[in-house]
Amino acid sequence: MNKVFRAAHSIKGASGFFGLTKVKELAHKAETVLDMMRSKKMPPNAEITNLLLAAFDQLREMINKPKESAEADIAELLVNLTGLTSSYLPQAQKESLTQTVTLKAEQGPPVVMPQFDLERSRESGHYICSIEYDLIHDIERQGRNILEVFRTLSVYGEILDCEVNFESVGTLESPIGNQLPVRVILSTEFKPDEMVALFPYYRNKIKPLSEPSSNAPPADVKPEVAQPESNPAPVAAAIAEPEPQRPPAVPAESPTPAPAAARAQAPPASQAPSTVVEDSIRVNVGTLEMLMNLAGELVLGRNQLRASIAQKNSRALKAADQRINQITSELQDAVMQTRLQPIGNVFGKFPWLVRDLAASLAKDVQLEIRGKDVALDRSLIESLSDPLTHMVRNAVDHGIESPEDRVHAGKGRQGSLAIDARHEAGQVVVEIADDGRGIDPDRIAKVALQKGLITPEKLEAMSAKDKTALIFLPGLSTNTQVSEVSGRGVGMDVVKTNLDRLGGKVEIISTLGKGTTFRIKLPLTLAIIPSLIVSVERERFAIPQINVEEMRHVLADQAKTRIEIVGDAEVLVLRDRLIPLVRFADLLGVAPTYSDPNSDQCEIDRRSRMADRRSPRLAAEGDGKPAATPPHLEQARKPGDRRHAGGALEIVVVTTGTQTYGLVVGSFHDTEEIVVKPLGSHLKGLEEYAGATILGDGSVALIVDVAGLGAKANLDAIAGTARATGESEGADQAEFTDSHALVLFHNGPEELCALPLDTVTRIEHIAPRQVETIGGRRTMQYHGGLLPLVTLSDAAEVKPIGESKNLAVMIANVRSHEVGLLGAMPVDVVETGVRIDQTTHRQRGVSGSTIIRDRTALIVDLYELVDATWPEWAAEQASARPRSADAGKWGVLLAEDSDFFRSQIRRILEEDGYPVLAAPDGESAWELLTKNLEKVRTVVTDIEMPRLDGLGLARRIRADGRTVGLPIIALTSLAGEDDMARGKLAGIDDYQTKLDRDQLLDRLRAYSGKAPPQPAEAAAAYAAA
Amino acid sequence: MAKSVSNPEIAEDLLVATFQLGSDGGVFGVDATLIQKVVMVGELTPVRHAQAYVAGIRNLRGRIITVIDLCVRLGLGAVEIGPESRILIADWKGEPVGLLVDRVEDAVAVEAGGLEPAPPNLHGVQMQKLLGVFPSGERLAALLDLAAVLDTDERTGKAMSNEDKRG
């Protein structure tokens, strides 16, 4: 509401500034209505909203064509808006709407303003003052920006009016171009002298305005009025555009302000043919400047290069190479930036479209738009506009039923339409979902059949989804009857063609009577992508980095334990996940055993049965199933098996967002920034490739489409069995987005260590002499007491801390004691999204490791360190706060998306005797909860999780009668007061910091202590889950 | 497209780029105006799972072009890449496409009316891919209908048949 109001307001201000009187008038009326709504003097209803939208439509029209704006017919709108306003005003105030009042200024012409405005500002105890700026001297020459000034002013008050003071220009003898005074009328709660104090620079320009009755204070003399300097050019520049220079001495323009100002305002683009407009792009000045700088640097780099070539100086050559390399990548980034635009540019018109359309069809539609910020390549945005508009129109027109029909169907009168854009593993997904009548696949099929678009035989083989997709057939669309019958189908072929051209895919998910979702997947056709280059039998392929999760090198002797057969598929055991494996060479048919030229025909067989042949066990089974694999292939594979079994495996774990699999390749090469080149028409339809690229040595490599390749490998079947761990899919996605704040420090000079930031309360820098060793235990003086100190080497098998001159002490609260962990400088805090490996470096005191800036960092487990040094603390704590007798039956449901935190918190809870059910996201937590209603006594949840976040989970728990009373503890690293308030609203009882073990356990004890006795349940029952 | 482009030209003099294909050295030709240049075979990157007639893809001055093995395409076996093999870069609907041939012969001017209807099954090539035959030295050379040869319909046959029915 405030935003709209401010927008109307800025339009009014700016139009006054440019002399667009009609625009100003209309904007003013709209603003008045909005203001009344804002101050709750007028209830928002459909009539008012429609009127306002109409007014804004007209405003936009006028602003886009400023020259014609003076001729626009706005009388009706004005009358309506005024009528609207006055109908909600008390009688006494009604007249003020149409009356104007003249305020006397100390200098310059008197100010004419609507009485209504004056009364309004007086009502709120505001002062009205005028502030004058000279556009040239005060703004342009000072390097300011008029918008900035307006913004500053609007912080302190309400800008009632703004105009270029042409008369004061006229009274001066200096050349007209030399000054351009602008007067802003501000309604502010500050007294004029306070305003002067706020804007000391403008002390002479802020003037109170007096009402007709009162006496004006003595007039000031404006000091800046006549500064003779004859440089007319910046006038135009200061306003909006490089207009051809006005002749310096043409004072005749002053009597006719509007046309002059209008001319000054009209941007060149609006005068040019519209095609030119489409070809222009708005680029942030900062970006442009960066490009300029980079171009400059590039020239320097070239010079350096030429010089070093001339001198045959190889060292200088290397330096030049490095420099050019860096500039190129920066340049590339900057250029990419200029092309990226938010998809909101397309979405912007939909509220209007939907509203107008719904109104004309007498439907009630609620539009929800999400993901406006998703950035797409400019070319995509432009071409996306038409198809999206079409689909939105269709959804309102055919998808959503009339209110009566909706009520009949047992739905709410108001239909909903949701437009959602988001990134999904290298693609942009746009969904248009309505809750209307849905598409009847059989009806579509019937019509298609009638029109001879498909044969009955084909129809028989079609699934409901295939039938629905028939609406994309060109012939179907021309028949309007179809659209009435089926609900959809007008011009969908055009939509499909357009999306095809963009390289996008469109999918329909429709449930009859429930609604329809169109899901559009678009490639991020950003032409340059970082990619991992891999090779298979001397052929090289590029895998987009965005799809690469990690690379694994499985040694030959590890293969037995790391690679398992689940169901009928080979899977890689990766920490707690099972990842289906795809042998790239087999899939491509490039294995050396594959020289048989006839084999091309058998590829499909080979692909789907690849895993079988790999597994000796299944090969045996395969004999029982003669259809499984052609015998000659079975033979052909066997030498291959030996080859694989004998050597190490190089596995790239790739993900598409919905699917994760391991691609077994020949070897890894570098990561390169590759330029994506499209494949020729003869290679269209090959889903496994996203294009090709030219590598550094001039050779060509194909770019792997991870999703397409997965589809070819028939992974769906495999993925099903790979869910055996129960948490596979959700966890896969979550880990990707997970981010931990870690404090980095050194132990030995080579040992990088990390501590979760949440556990650290303070970091102190100390000198080594401050550490005192008394009785074999290290302490330091801290806040008047002694702070016990630990180092990693106290518990873990690492080198003792190096002889560093600078030590850091990470202070934390462990087992109710304040403890300092000694580390060597430098100390740093990083936010890292990388995964935490909990096996490789796990030992006492080290909970895992992660890769930070290409180095392995050990993650310190403070509790284990402390327990190793002061085992009595744990006992002390245990005796001080005895474990609740019921703890063993007190099931805790833990929802946490980060593998690391989940296992840490699980350990904390289980150590204290609570049976724990853990889930990687809210959705699976809810599932677990509903299945274990009688066991779960408390819910501990993370806030930010995929699928269903902590707030959503809390709401769901509170909404369900069975779980309404469950205590919910939220774990978070970002507990601002707002967050807490939102959490409380959602039903969260308590907020705890992640990994603050003592606090969390205290809370749990509090809950378990006061709870009624629970039916006995075997704690072991949880372990399985 | 094939008919509209080729027919008027056949009525006039035509410059034909000729080349040999297949083990028996059959001579074929294409409208030379459609050929942009002739390049050495160079490094071909195979494209797995593509149609058999795709010999691979190749870097042509920063563009990736698809190279079609004309022998495979015409059902004459496959081009055995040797020192005399060349790639003709043809312009096909604005996209450069490489035509892999065994040996490039010559550019032959075919007079108006010098083109005769192709006998059925010349060199074992389907008639619909030929515009006609013309004398080249002592032998008959076949003029290929490039549009028909490069047509991608065979991949998308289903879609086309739908449209045909409507048409």
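No hydrogens, no waters, no symmetry mates; every other heavy atom, side chains included, goes into these values. Residue numbering restarts at 1 for every chain, and letters A, B, ... go by the order of the sequence lines.
Counting heavy-atom neighbours within 6.0 Å of B/Glu80 CD, excluding the residue itself, gives a total of 12 or less.
For B/Leu44, no part sits under 4.5 Å from any heavy atom of chain A, backbone or side chain. Contacts of B/Val54 with chain A are made by side-chain atoms alone, with heavy-atom separations under 4.5 Å and no backbone atom involved. Looking at B/Pro46, the atoms closer than 4.5 Å to chain A (heavy atoms on both sides) sit in the backbone and in the side chain alike.
Nearest heavy-atom pair across B/Thr45 and A/Val700 is OG1-O, 3.0 Å. The two residues A/Ile694 and B/Ile64 make their nearest non-hydrogen contact at CG1-CD1, 3.7 Å.
When the candidates B/Val97, B/Val47, B/Ile65 are compared by the number of heavy-atom contacts under 4.5 Å with chain A, B/Val47 comes out ahead.
Side-chain polar atoms of B/Glu95 and A/Ser681 form a donor-acceptor pair below 3.5 angstrom.
Considering CZ of B/Arg48 and CZ of A/Phe541, their distance stands at 7.0 Å, rounded to 0.5 Å. Here the NE2 atom belonging to B/His49 is positioned 13.0 Å from the CG atom belonging to A/Leu683, to the nearest 0.5 angstrom.
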Inset, instruction - Could you walk me through whether A/His682 and B/Gln51 pass the side chain to side chain donor-acceptor pair (under 3.5 Å) test, one step at a time? - result: CA-CA 8 Å; A/His682 295 91; B/Gln51 292 286 322; over 6 Å; no
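Using a 4.5 Å heavy-atom cutoff, the side chains of B/Thr66 and A/Leu679 are not in contact.
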